[in-house]
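Each remark here refers to the structure printed beneath this line.
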Amino acid sequence: MTIFKTTHQDTTSNARLGLLSLGHGVVQTPVFMPVGTAGTVKGIHHEDVARIGYNLILGNTYHLYLRPGLEVLQHYGGLHNFSAWDHNLLTDSGGFQVFSLSGLRKIEEKGVAFQSHIDGSRHLFTPESVVDTQAIIGSDIAMCLDVCTPPEISYKAAKEAMELTHRWARRALTHRNNHETMKGNLFGIVQGNFYEDLRKESAEFFNELDFPGLAIGGLSVGETKEEFIHFLAHTAQYVTKEKPRYVMGIGSPDYILEAVEQGIDMFDCVLATRMARNGALFSDDGILVMKKAQFKFDDGPIEEGCTCRACTQYSRGYVHHLIKAKEMLGGMLATEHNLTYFYRLMEKIRFAIANNEFASFKRAYLERFYRTK
RNA sequence: GGAGAGGUACCCAAGCGGCCAAAGGGGGCAGACUGUAAAUCUGUUGGUUAUACCUUCGAAGGUUCGAAUCCUUCUCUCUCCA
């Protein structure tokens, strides 16, 4: 069963419009997904996330498994109900967490053994257990457990990680297809590190399997922007265009534009929400670091035309004050602003694609965003 | 009026003869943040013609090769007693 259809192909790039049909509604692509690691998009009500327009957010298997734990999630009938989120939910498998918590982990054929960052307790994730966990969470899109690797590892290590990712993917798919209660879709994750032939091999491997969608993983893990762009484009050319294509872990507006240009349909990133909490707000004229003294007496909105609460109800000076004073409302308003900004950016991107002018839109956007004022 | 404690950089505060332009906080300023161990972290914070020199630890004077540190006087603040 296909869950995705392309509705328009931009004539100036590989960018495309699509519709992604999931358990909690249809998602317009390209789509940016806010990250709600531990069952909450930090600093904002789920109600407000939905009000902005989002109908697909992330959760994280690793974090939710450790806390609140499967018993609690089962008690509440899944994360949708538990967190009052009535729209779509994608959960990351924990592959990235296991990678970023290196030192505590041990990767074996059967799965990955790791220690909790919370209390040091020992746990094992297998391709099968991670599918089970995401079934309990109730994910509309579940991700395979993968082996995510950093830049500058050897070819041999990269190849081994990729091959293990592939074996795990087969096991996860088999398990999912025999699963009695899982309703969500399971996506595969292309790996291959920063080696062109491995990326090609991994993409072709996943194209052959019966996943309803595919992700490109192992990018945005510390490589340069040039490497990111190169390996994104290189990998994307081999990943089937018949399925939704998801680049994990990006990004900033410039990274998102690069991804959309390569025909990527989905991406998620903590950047918008984390930077908001740290006092950096996005605008078409670049990033505003709100703690700067220049905003102290600034009566204007964060961004003219923005529809968020921060922009429609408060001045830059007030937000500046809240951020400086470390008031909770500051991070909340900033989060709402950045998520609104990214939502509107995606709307503009989709509009540009619909009008076959993505290439010029991208150029003009970046020119303005990085123009020094 | 008496007794005691104390005045250190933008603020609080350590230092109590040389390793002190002076710990640590805070505040200020700057930077970072990309499948969230982050409402976090990092750098910087007397001046200059800058691996050195100049000015600075309430004020003035003194002891010493050398003083934020010891002595004298003055001054201001706080606490207790009358």
Side-chain angles (χ1 to χ4, degrees), chain A residues 32-44 57-64 66-67 90-105 114-120 130 134 139 141-150 165 187-191 214-225 227-229 232 246-259 264 266-282 287 289-294 296 319-320 322-336 338 342:
Chain A
F32 170 75
M33 304 178 280
V35 179
T37 301
T40 163
V41 179
K42 295 185 196 296
I44 187 168
I57 65 172
L58 252 74
N60 198 293
T61 303
Y62 171 88
H63 297 265
L64 294 166
L66 290 178
R67 193 164 54 190
L90 181 154
T91 41
D92 186 18
S93 63
F96 181 79
Q97 277 60 47
V98 164
F99 150 73
S100 63
L101 267 50
S102 82
L104 300 179
R105 72 173 175 353
F114 63 93
Q115 281 184 276
S116 161
H117 71 279
I118 299 165
D119 62 3
V130 161
Q134 292 177 96
S139 312
I141 297 175
M143 301 305 298
C144 282
L145 184 65
D146 63 333
V147 183
C148 190
T149 52
T165 296
F187 279 24
I189 305 175
V190 173
Q191 286 290 346
L214 294 179
I216 296 173
L219 291 180
S220 197
V221 288
E223 76 281 10
T224 64
K225 184 176 175 181
E227 286 176 301
F228 167 81
I229 292 172
L232 172 63
Y246 164 29
V247 174
M248 309 185 78
I250 65 142
S252 47
D254 55 328
Y255 273 51
I256 288 174
L257 289 165
E258 294 296 339
I264 301 304
M266 309 161 64
F267 14 80
D268 72 282
C269 195
V270 304
L271 196 70
T273 46
R274 178 183 291 168
M275 283 185 66
R277 275 176 278 118
N278 293 335
L281 301 200
F282 283 87
I287 292 165
V289 180
M290 286 314 294
K291 62 186 176 182
K292 282 180 180 290
Q294 69 183 90
K296 190 181 268 189
V319 176
H320 164 80
L322 294 177
I323 297 287
K324 294 282 295 184
K326 294 181 166 40
E327 282 292 333
M328 281 191 281
L329 183 60
M332 292 174 69
L333 287 175
T335 298
E336 185 178 333
N338 278 356
F342 274 71

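Quick note on labels: first sequence line is chain A, next is B, and so on, each numbered from 1.
Picking from U34(B), C33(B), G35(B) the nucleotide with the shortest atom distance to the side chain of I250(A) gives U34(B). Residue L271(A) has its side chain nearest to U34(B) when only U34(B), U36(B), A37(B) are considered. Minimum atom distance to the side chain of C148(A) is reached by G35(B), of the listed G35(B), A39(B), U34(B). In this structure, the nucleotide among A30(B), G35(B), U36(B) sitting nearest to the side chain of R277(A) is U36(B). Of the candidate nucleotides U40(B), G35(B), G31(B), U40(B) has the atom nearest to the side chain of N278(A).
Residue Q97(A) places none of its side-chain N or O atoms closer than 4.0 Å to OP1 or OP2 of G35(B). Put simply, T37(A) has a side-chain N or O that comes within less than 4.0 Å of OP1 or OP2 on U36(B). Between R274(A) and the phosphate of U34(B), there is a side-chain N or O to OP1/OP2 separation shorter than 4.0 Å. Side-chain N/O atoms of K324(A) include one lying less than 4.0 angstrom from OP1 or OP2 on G28(B). Checking the phosphate oxygens (OP1, OP2) of G31(B), a side-chain nitrogen or oxygen of K292(A) falls inside 4.0 Å.
The number of heavy-atom neighbours closer than 6.0 Å to NZ of K296(A), taken from other residues, nucleotides and ligands shown, is 12 or below.
Using a 4.0 Å heavy-atom cutoff across all strands shown, G279(A) reaches no nucleic acid atom at all. Counting any heavy atom pair closer than 4.0 Å across all strands shown, D146(A) reaches a base atom. When heavy atoms are screened at a 4.0 angstrom cut-off, G251(A) is found touching base atoms of the nucleic acid.
To the nearest whole angstrom, the two C1' atoms, one in C70(B) and one in U63(B), are 8 Å apart. Rounded to whole Å, the C1' atom of A30(B) lies 38 Å from the corresponding atom of C76(B). Here, C20(B) and G46(B) have their C1' atoms 14 Å apart, quoted to the whole Å. Between the P atoms of A50(B) and G6(B), the separation comes to 42 Å (whole Å).
Rounding to whole angstrom units, CG of residue L333(A) and P of A39(B) are separated by 17 Å.
In this structure, Y62(A) has its ring center under 6.0 Å from that of F114(A).
Nucleotide G17(B) is matched to nothing when pairs are restricted to Watson-Crick or G-U wobble geometry with both distances under 3.5 angstrom. Remark: U42(B) base-pairs with A30(B); criterion is Watson-Crick or G-U wobble with both hydrogen-bond distances under 3.5 Å.
Side chain S100(A) to base U36(B): no donor-acceptor pair is found below 3.5 Å.
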Side chain to side chain contact (heavy atoms under 4.5 Å, CB included) between T91(A) and M143(A), intermediate numbers included: CA-CA 6 Å; T91(A) 41; M143(A) 301 305 298; over 6 Å; no

